[in-house]
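What follows is a short report on a single structure.
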Amino acid sequence: MDAGLRYWDVRHVAGEHTGIDIDNGEIESSGVSFFSRAIIRALGPRGWGIVSVAPFDPDDKGSLSRYLARAEKAAAVTSEDVRLAEPGPRTLLPVPRVIENPSDVPLEEKAALLKAITDAASLAGVSNTRGNYIERLEEVRFLDSTGYEASYTTCRSGFSVMAVAKENGEMQMGYVRDHAIDGLNLRNRTEDGIRAGRRALDLLQAQAVHGGRMKAVLNPELGGVFAHEAVGHASEGDLVKEGASVLKGQIGELIGSPATTIIDDPTMHGFGFEPVDAEGVAGSKTAIIENGVLKRYLHSRETLAAVGSGDAGHARAMPGDLPIVRMSNTYIAPGDWTYEEIIEECRDGILLAGSRGGQVDPGRGVFQFNAEYGYLIEGGELKGMVRDVSLSGEILSTLHAISLCGNDLNMFPGYCGKGGQTVPVSDGSPHILLSEAIVGGSAGV
């Protein structure tokens with residue numbers, strides 16, 4: 001290594017991307033693309049020099065030397081003073097066992113399986129259906145100037161199906177998705193298509209409700225969205241470093257009810273699993289909030305050195321892109337209450353279920369999430385289905401409002417975007433009871 005460099009690393013990802021799209025029973029597109037991308041970082045006297053290469057040949061040592069030299073030149077002109085924390089454990093975690101390798105299944109068979117799911121959503125009264133399949137095989141290799149090397153292969157795949165129902169000028173949508181890291185998940189899934197179709201039809205008959213402050217039960221999917229979007233992003237070390245998180249300066253403080261524990265765990269065999277992070281650091285189960293107290297932030301080596309109070313091993317990157325602090329598998333830890341007991345304890349309020357996106361501002365500490373649907377709760381029992389409902393409020397006051405956590409933790413896979421990069425994640429929670437929530441409704445609007 002040149003005397004002017006303090007450190008360098010190379011992350012190379014080669015693989016295949018398979019996609020299938022079906023619109024109203026017709027296969028609109030299907031195909032496979034190949035990629036080979038590398039990001040080369042060199043840490044000079046002050047900051048980083050970066051070279052991104054595609055395609056990249058990891059066996060061409062001469063080219064690697066030239067790319068490192070170019071990264072070193074780039075580092076020489078940077079002015080930001082960068083420090084790196086020690087990497088800590090670097091043991092590569094084993095990739096989950098694959099039950100049926102998606103790469104071994106012909107494209108035609110996968111298209112037929114997706115079409116069966118999508119066709120199943122086309123119930124009487126459903127006017128449009130759409131299905132989508134994504135498969136991504138990645139062969140990852142990491143090496144750095146300390147002599148550390150790691151390599152692994154993952155294959156993630158999954159599908160989504162959407163159904164649209166229309167009646168008297170009203171339109172409603174049902175949506176089901178599932179992604180996996182442990183093998184093909186397309187077989188025997190037509191029930192998911194039927195569920196999407198039924199959800200769209202049920203929502204046509206559902207009532208709009210008036211919003212306001214009330215007790216609310218969040219189902220595991222919406223509870224997971226709250227954990228990921230409102231708490232997880234606010235705990236990311238780069239946002240804390242930039243002063244863009246409401247959690248900055250709150251380590252050791254009681255920021256939620258004692259019933260609240262929120263964890264990010266890259267070692268969990270969920271969709272966000274990583275054998276080692278994008279800086280070659282082994283991830284670890286990190287309790288962000290424990291019994292209501294803010295314990296740790298999520299970090300890269302750089303943000304850990306700058307901010308402290310947390311663990312490295314949470315840097316992730318798309319092929320050819322820079323590592324940035326990201327979540328993996330984020331969830332609210334389960335409690336002791338059954339679902340029936342939580343509904344009974346709520347007495348009068350609303351159950352909010354599913355997610356249709358929303359907005360969060362970690363710096364101001366406010367959020368707004370749209371639920372897919374809901375049910376009124378009256379006298380401790382579920383009543384009619386409602387639609388066009390949402391949850392909003394302040395992150396910290398909502399954390400304090402969590403009064404009960406169920407024993408039915410469930411995780412949901414998906415993708416998270418940040419800084420122009422999208423990575424696979426999962427999030428979830430048990431059913432949770434909020435003693436007071438700000439619920440949005442469209443009745444009278």
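The basis for the numbers below is simple: all heavy atoms, side chains too, and nothing from hydrogens, waters or symmetry mates. In this chain, residues are counted from 1 in sequence order.
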Within-4.5 Å side-chain heavy-atom neighbours: I39 and D321 =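 Not in contact.
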
inquiry  = Are T260 and N291 packed together at the side-chain level, in the sense that at least one heavy-atom pair is separated by less than 4.5 angstrom?
reply    = no

message = Can you confirm if the aromatic rings of F369 and F367 lie within a centre distance of less than 6.0 Å?
response =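 F367 vs F369: aromatic centres under 6.0 Å.
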
key: Aromatic centroids of F159 and H179 separated by under 6.0 Å   = no

Salt-bridged, [X] to [Y], with N to O below 4.0 Å?
X	Y	value
D192	R195	yes
E236	K248	no
E138	R156	no

key: Lys NZ or Arg CZ of R136 over F35 ring: under 6.0 Å, within 45°   = yes

query = Counting only heavy atoms not in N188, do more than 12 fall under 6.0 Å of its CG?
reply =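 No, because the 6.0 Å sphere around CG of N188 holds 12 heavy atoms or fewer from other groups.
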
Side-chain H-bond candidate by donor/acceptor type, [X] with [Y], under 3.5 Å:
X	Y	answer
D264	S328	yes
H314	D277	no
N329	S426	yes
Y133	E135	yes
D336	N407	no

Counterpart residues, side chain to side chain contact (heavy atoms under 4.5 Å, CB included), relative to L68 (two or more places apart) = W8, I40, L64

Results of salt bridge (charged side-chain N to carboxylate O under 4.0 Å, His left out) for D21 - residues two or more places apart only =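 So D21 forms no salt bridge (charged side-chain N to carboxylate O under 4.0 Å, His left out) with any residue.
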
inquiry  = As a test of understanding, state which of R90, R41, R11, R6 forms a salt bridge (Lys or Arg N to Asp or Glu O under 4.0 Å) with D144.
reply    =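 Of the listed residues R90, R41, R11, R6, the salt bridge (Lys or Arg N to Asp or Glu O under 4.0 Å) partner of D144 is R90.
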
task = Please identify each residue that fulfils side chain to side chain donor-acceptor pair (under 3.5 Å) with K73, with sequence neighbours left out.
result =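 Residues passing side chain to side chain donor-acceptor pair (under 3.5 Å) with K73: none at all.
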
